Peer 1: 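First, the structure itself, so that you have it in front of you.
Reminder, nothing fancy here: chain letters follow the sequence lines and each chain counts from 1. What you see is a predicted model; the values in this text were computed from it and never measured. In what follows, every heavy atom counts, from backbone to side chain, and hydrogens, waters and symmetry copies are set aside.
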Amino acid sequence: MPQVPNRRVLTGTHFMLGNHAVVEGALAAGCDFFAGYPITPANEISEHMARRLPEVGGKFLQGEDELCSIFAVTGAALAGARAMTATASAGYNYMQEGLEYAIAAEIPCVIVDVQRCRGENFATQADVMQMRWGPSGDHEMIVLAPSSVQELFDTTIRAFNLAEKYRMPVIVMSETTIALMRERLVIPRPEEIEIVHRAKPSVPPEEFLPFQAGPDGVPPLPAFGEGYRVLYSLNPHDERGSIHWDPDVFEAMYRRITHKITTHYDDIVRTESFYLDDARIGVVAYGSECRSALEAVELARAKGIRAGMLKLATVWPVPEREIASLARQCATILAVEMNLGKYAREIERVACGTCQVVRVTKNRGVIHTPGEILEAIEAHA
Amino acid sequence: MTIPDIVPNPLRRYLRPGSLPHFFCSGCGAAQVLNFFLQAADELGLDFDKLVAIGGVGCAARIPVYLHAEALHGIHGRTLPWATGIKLHNPELTVVIFAGDGDAAAIGGNHLIQAARRNLDVTMIVVNNLNFAMTGGQVAPTTFPDLVTSTTPYGNRERAFDLCQLAVAAGATFVARCSTHRPRVTIHTLKKAIQHRGFALVEVICQCPTYFGRRAIGSDDPAQGIRWIAEHSVSLYRAGELAEEELADKFILGTFVEKEAPVFEGSSVYPGGEG
Ligand SMILES: Cc1ncc(C[n+]2csc(CCOP(=O)(O)OP(=O)(O)O)c2C)c(N)n1
């Protein structure tokens, strides 16, 4: 029998645009619903989705705005879809309302935000705090920061898996730099890709308590139409989903949706260390800045400076353990980012005076050059 | 003499266990719409396992909270985007939206236009009580000129939206206006709307004794509110006989559009079947 090519997972080696790698990652992760509203530099995600998703039986929607996109995504997710949207900073502003709801009602979905600088295709990481604190209400957030085309692919898959596992929106924090870059991408075989599915109820509807969680803090999630007749509301709801304006109900709700993230630090938080074993000066970076930072560290090493880099693949929750240990080891941490110093505050908070934290900042539409970071390393070596 | 057993309302079995007492004021029109919907659903034999009831935020938006169906509630004005995602992913589901006039005509206005244009296969019931009730009786895009509300203490200086005409112009394939003073017609219209394949909008003119009644018509008596609606209503058939000025403060009741058209299946559909 002739081999039917798997249209979902394009196994092989490609030379691909970052935004397209996001789409291929989503499809490999089983995405079957996408909604988006045109915005630069995220357009290639929508355009590629519009072609690819219907081809594999998924549904594509070009919403009338970002509110439509995020709410269509949450609606589809409750109907059983693995759903995603993509936007860029200005559009991400609009999505906060939908994110608040997805967090409160515990709806798995993936949001890609290709950060842009003041309305156009210029590079920035200025929205790193908005990704954490944008929606109103008490909550934790999972935000992942890829730094290459390959990582855009891999991270998108991971985002779907985390969203399904913890029943919450997961943000892929992309940037103009990597989104509009073409690089080598290796797509593995389908059986090599780990796919996590949301937990489904194991009891019949009469016995089901939709917001009662097991030890992992995550309640099982049936799809609309499976007979469970769940009420989802932003209002304070008890384990049955009934609305109660009761301080205990508020408290239990907020505590559980934050604990389900904070208690799974080891599963969610990922970092990578480069040349850190004997480092005296540590560079902390995330996203595309890791590329320049790593080169700067290597140049410093060539000059005999004991520099190293901690790359934050997860930016939220903050990799506190790794940053704290770096702070104990190094005399100085350089907090490198493409904004005027935002995440540096988190690093300062965690370092808590154990070492000096120097902000290496830049927000002028272009990434740091390795030379600029090297200069900062040399100044503090 | 024996006291007869109290027979529970047969429609109660459609209500979510433990959801009563409801929060509607006595004489509220939205509560009547809940009742009309249950009668329509009962007469149609609607499968509540396959029903998704969606409300935004507001008094009317609370209706889904009481239905023992799949239900979504709690965000102002985004009912239609939710419905779009649900319906695209699973076209087998019956999706019914309960929206206030603020939800549908103010914050969610663009979604309404776009869903009508796309002919999304859902039923949207707009509970039009002519004001923002939940937040204390402020003026709405549907409030008639000159009426007093909590934010128009000197009389409303804006013109009122005709939601049905808006839906017709945007391409909705079923559009009707009913009112609480004519329950049977409303139930019948709801049945037709639910059965309709395509975007169905039913606007139900409702009394709001607590806010609109008190401020705009000077009475918090629900019967007075219903009487006011009756006095300001005219059937589609009789409307043609009236002059434009006479229609300025009238609700034209009837079915404006009922036609077939392809329903929305997504913005991009693969022509060659599944790849
Ligand atoms: C984003 C947002 N803005 C404002 C509100 C406050 N709010 C709650 S209900 C409502 C309007 C209620 O009016 P309507 O939709 O006509 O429903 P009714 O209560 O009259 O049934 C508003 C503005 C909100 N909940 N969310």
Side-chain angles (χ1 to χ4, degrees), chain A residues 4-5 7-8 32-36 46-47 49-65 67-81 83 97-98 100-101 104-105 205 222-235 237 240-243, chain B residues 16-19 23 47-55 57 61-62 64-95 107-108 110-111 113-115 117-118 264-275:
Chain A
V4 181
R7 296 296 301 156
R8 249 192 191 280
D32 52 6
F33 185 91
F34 179 90
S46 288
E47 289 166 358
M49 270 294 183
R51 182 173 291 278
R52 290 280 284 123
L53 195 53
E55 200 178 56
V56 298
K59 291 292 167 66
F60 173 87
L61 170 71
Q62 180 167 315
E64 53 269 22
D65 52 31
L67 286 156
C68 175
S69 303
I70 186 77
F71 282 99
V73 158
T74 51
L78 289 179
E97 188 182 46
E100 180 192 8
Y101 196 89
F224 282 153
E226 290 178 346
Y228 286 87
R229 304 190 186 187
V230 179
L231 165 66
Y232 296 92
S233 178
L234 187 69
N235 295 154
H237 42 270
R240 289 193 315 163
S242 303
I243 297 170
Chain B
R16 183 173 291 280
S19 64
F23 94 141
D47 179 0
F48 274 49
D49 274 344
K50 301 290 177 202
L51 171 67
V52 185
I54 306 180
V57 168
R62 268 270 170 153
V65 170
Y66 303 107
L67 296 176
H68 197 207
E70 307 281 14
L72 257 171
H73 163 263
I75 292 281
H76 193 32
R78 312 294 166 214
T79 56
L80 281 162
W82 264 333
T84 310
I86 293 164
K87 200 61 195 183
L88 285 183
H89 186 70
N90 186 353
E92 303 293 302
L93 298 169
T94 301
V95 177
I107 196 165
N110 189 29
H111 302 310
I113 296 169
Q114 309 298 337
R117 174 180 65 83
R118 293 181 180 124
F264 187 55
E265 292 172 344
S267 310
S268 168
V269 178
Y270 191 62
E274 238 176 75

Peer 1: Of the backbone (N, CA, C, O) and the side chain (C-beta and beyond), which part of A/Phe33 lies under 4.5 Å from a heavy atom of chain B, both, or neither?
Peer 2: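 Only the side chain of A/Phe33 comes within 4.5 Å of chain B.
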Peer 1: Heavy-atom distance under 4.5 Å to chain B: side chain of A/Leu61, backbone, both or neither?
Peer 2: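 When you check distances to chain B, atoms from both the backbone and side chain of A/Leu61 fall under 4.5 Å.
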Peer 1: Heavy-atom distances under 4.5 Å only: say whether A/Leu53 touches chain B with side chain, backbone, both or neither.
Peer 2: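 Contact with chain B: none, neither part.
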Peer 1: Which bit of A/Glu100 is near chain B, if near means a heavy-atom gap under 4.5 Å: side chain, backbone, both or neither?
Peer 2: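 Neither; nothing under 4.5 Å.
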Peer 1: With respect to chain A, which residue among B/Gln114, B/His111, B/Lys87, B/His76 yields the maximal number of heavy-atom pairs within a distance under 4.5 Å?
Peer 2: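 That would be B/His111.
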Peer 1: Heavy-atom pairs under 4.5 Å with chain A - which of B/Ala53, B/Gly77, B/Gly74, B/Gly18 has more of them than the others?
Peer 2: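 The candidate making the most pairs under 4.5 Å is B/Gly74.
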Peer 1: Give me the atom names and distance for the closest heavy-atom approach of B/Ser268 to A/Ala50.
Peer 2: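 Between these two residues, the closest heavy atoms are OG-O, 2.6 Å.
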Peer 1: Quick one: CZ on A/Phe224 to CG on B/Leu51, what's the gap to the nearest 0.5 Å?
Peer 2: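 Interatomic distance, A/Phe224 CZ to B/Leu51 CG, rounded to 0.5 Å: 10.0 Å.
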Peer 1: What heavy-atom pair brings A/Glu97 and B/Arg78 nearest, and what distance separates the two atoms?
Peer 2: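 Minimum heavy-atom separation between A/Glu97 and B/Arg78: OE1-NE, 2.9 Å.
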Peer 1: Please rank A/Leu234, A/Asp32, A/Leu78, A/Leu231 by heavy-atom pairs under 4.5 Å with chain B and give me the top one.
Peer 2: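 Highest number of pairs under 4.5 Å: A/Leu231.
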Peer 1: Closest approach of A/Gly227 and B/Asp49, non-hydrogen atoms and distance?
Peer 2: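 So the minimum-distance heavy-atom pair works out to CA-OD1, 3.5 Å.
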Peer 1: Report which part of B/Val52 has an atom under 4.5 Å of a heavy atom belonging to chain A: side chain, backbone, both, or neither.
Peer 2: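 For B/Val52, the side chain is the part near chain A, not the backbone.
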Peer 1: Does any backbone or side-chain atom of A/Ala223 lie under 4.5 Å from a heavy atom of chain B? Answer side chain, backbone, both or neither.
Peer 2: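 The backbone, not the side chain.
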Peer 1: Quick one: are the ring centres of A/Tyr101 and B/Trp82 less than 6.0 Å apart?
Peer 2: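 Ring centres of B/Trp82 and A/Tyr101 closer than 6.0 Å.
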Peer 1: If you tally heavy-atom pairs under 4.5 Å against chain A, which of B/Thr79, B/Ile86, B/Asn90, B/Leu67 wins?
Peer 2: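 Heavy-atom pairs under 4.5 Å are most numerous for B/Ile86.
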Peer 1: Working to the nearest 0.5 Å, report the span between CD of B/Glu70 and OH of A/Tyr228.
Peer 2: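 These two atoms lie 10.5 Å from each other.
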Peer 1: Check B/His73 against A/Asn235 and note the closest heavy-atom contact, atom names and distance.
Peer 2: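 For B/His73 and A/Asn235, the tightest heavy-atom pair comes out as CE1-OD1, 3.0 Å.
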Peer 1: Let me know if B/Phe264 has heavy atoms under 4.5 Å from chain A in its side chain, its backbone, both or neither.
Peer 2: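 Just its side chain gets close to chain A.
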Peer 1: So for B/Leu72, is it side chain, backbone, both, or neither that comes closer than 4.5 Å to the heavy atoms of chain A?
Peer 2: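 Contact with chain A involves both backbone and side-chain atoms of B/Leu72.
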Peer 1: Side chain, backbone, both or neither: which part of A/Val230 has an atom under 4.5 Å from a heavy atom of chain B?
Peer 2: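 Contact with chain B involves both backbone and side-chain atoms of A/Val230.
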Peer 1: Can you give me the closest heavy-atom contact between A/Arg240 and B/Pro17, atom names plus distance?
Peer 2: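 Heavy atoms only, the tightest pair is NH1-O, 4.0 Å.
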Peer 1: Out of B/Thr94, B/Leu93, B/Thr84, which one racks up the most heavy-atom pairs below 4.5 Å with chain A?
Peer 2: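 With the most close heavy-atom pairs to chain A, the winner is B/Leu93.
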Peer 1: So for B/Glu265, is it side chain, backbone, both, or neither that comes closer than 4.5 Å to the heavy atoms of chain A?
Peer 2: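 Just the backbone, heavy atoms under 4.5 Å.
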Peer 1: Can you say whether B/Arg62 sits under 4.5 Å from chain A via the side chain, the backbone, both, or neither, judging by heavy atoms?
Peer 2: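 The side chain, not the backbone.
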Peer 1: Can you tell me which portion of B/Val65 sits under 4.5 Å from chain A's heavy atoms? Options are side chain, backbone, both or neither.
Peer 2: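 The answer is both parts of B/Val65.
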Peer 1: Give, for atom NZ of B/Lys50 and atom CZ of A/Arg229, the distance between the pair rounded to the nearest 0.5 Å.
Peer 2: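 Reported to 0.5 Å precision, the distance equals 10.5 Å.
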Peer 1: Specify which of A/Ala83, A/Pro222, A/Ala72, A/Pro205 makes the most heavy-atom pairs with chain B at under 4.5 Å.
Peer 2: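 It is A/Ala72.
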